[in-house]
Amino acid sequence: METVILTDPPKPPRETVEGFAGIGAATVGEALGRTGDLGSDLRPIQTGARIVGTAVTVLSWPGDNLMIHAAIEQCGPGDILVVVTRSPSQHGMFGELFATGLQHRGVAGAIIDAGVRDTQELRDMGFPVWARHINVLGTVKNTPGAVNVPVVINGQVIDAGDILVCDDDGIVVVPRGQADDALAKSRARLAKEEATRASFLKGELGLDRYGMRPVLADLGVTYRRHPEAR
Ligand SMILES: O=C([O-])CC(=O)C(=O)O
Ligand SMILES: [Mg+2]
């Protein structure tokens with residue numbers, strides 16, 4: 001691993017990033033063909049937070065948050081900090097002091113593939129965090145790592161400047177090179193969901209709307225009146 005801090009990574013235009021605001025992570029994930037999600041085991045420590053931003057990535061030694069300190073300086077308005085450790089870590093790598101520094105720089109939130117602590121304070125200060133673990137155990141600050149290099153969470157690559165769509169359901173990564181296409185597809189998916197909602201509100205059934213009755217029949221699923229039906 002190269003121990004490097006990459007500065008000024010490319011980012012999609014701000015309007016493109018902000019275009020994802022108000023579109024749910026699940027909708028974006030569907031629009032991307034059910035790709036890009038970081039899986040179910042990074043959980044929000046709060047409820048009701050919805051943020052969109054560009055990734056500043058950190059690759060840290062487990063139990064050592066030196067590189068998070070280095071990464072703060074690389075963060076600015078609209079960014080989201082993403083911390084990954086070189087091997088699994090349950091340490092409380094991140095807490096309210098880091099969040100205070102990030103919030104001061106206009107950072108939207110943080111994704112920590114390790115442990116976080118000070119969760120009550122993080123919620124009170126309105127700094128949204130998604131994390132794999134919550135843990136009081138502290139860290140040291142003396143092992144090098146990297147900032148703004150590609151990192152991987154649950155098989156999904158996140159590069160610096162990629163767009164992150166985060167809400168109560170989880171996180172979806174939009175690779176920065178696909179941002180415009182992904183936004184168009186996400187808007188189309190949103191419109192489709194709106195049309196489906198309107199149809200369901202009229203009493204229509206998914207079975208008919210999605211043409212699934214013939215599929216059930218093809219699969220040999222039959223109907224029979226319940227033997228105790230009245
Ligand atoms: O300082 C640390 O090591 C992590 C933490 O608790 C904080 O950011 O408040
Ligand atoms: Mg703390």
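Counting starts at 1 for both ligands and their atoms, following the listed order.
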Trainee: Under 3.5 Å, is there a donor on one side chain and an acceptor on the other for Asp79 and Thr54?
Mentor: yes
Trainee: I'd like to know whether Tyr210 forms a side chain to side chain contact (heavy atoms under 4.5 Å, CB included) with Thr196, so could you lay out the CA-CA distance, the side-chain angles of the two residues, the decisive distance to 0.1 Å, and finally the verdict.
Mentor: CA-CA 10 Å; Tyr210 301 127; Thr196 303; 3.3 Å; yes
Trainee: Quick check: does any side chain N or O of Asp167 sit under 3.5 Å from a backbone N or O of Ala25, one acting as donor and the other as acceptor?
Mentor: yes
Trainee: Looking at Glu204, I'd like to know if its CD atom is crowded, meaning that more than 12 non-hydrogen atoms belonging to other residues, nucleotides or ligands lie closer than 6.0 Å.
Mentor: yes
Trainee: Mark up the atoms of ligand 1 that fall under 4.0 Å of a heavy atom belonging to Asn65, in ascending order.
Mentor: 2 (C), 3 (O)
Trainee: To which of Asp64, Leu97, Ile68 does the heavy atom nearest atom 9 (O) of ligand 1 belong?
Mentor: Leu97
Trainee: Give a yes or no on whether the backbone of Ala55 and the side-chain of Asp162 come within a donor-acceptor separation of less than 3.5 Å.
Mentor: no
Trainee: Look only at interatomic distance and state if Phe98 has a nitrogen or oxygen under 3.5 Å from any nitrogen or oxygen of ligand 1.
Mentor: yes
Trainee: Can you pull out the closest protein heavy atom to atom 6 (O) of ligand 1? Residue, atom name and distance to 0.1 Å, please.
Mentor: Arg117 NE, 2.6 Å
Trainee: Under 4.0 Å from a heavy atom of Thr139: give me the atoms of ligand 1 that qualify, with their elements.
Mentor: 3 (O)
Trainee: Counting backbone and side-chain atoms alike, does Asp118 have an N/O/S atom under 2.8 Å from the Mg ion (ligand 2)?
Mentor: yes
Trainee: Report yes if some N/O of Gly95 lies less than 3.5 Å from some N/O of ligand 1; otherwise report no.
Mentor: yes
Trainee: Check ligand 1 against Asp118 and write out every atom of the ligand that is under 4.0 Å from a heavy-atom position of the residue.
Mentor: 5 (C), 6 (O), 7 (C), 9 (O)
Trainee: Mind checking whether Phe94 and Phe127 have parallel, tilted or perpendicular rings, split at 30° and 60°?
Mentor: parallel
Trainee: Could a heavy atom of Lys141 be found less than 4.0 Å from some atom of ligand 1?
Mentor: yes
Trainee: Do Leu42 and Val83 land in one hydrophobic cluster if side-chain heavy atoms of ILVMFWY residues count as linked below 4.5 Å?
Mentor: no
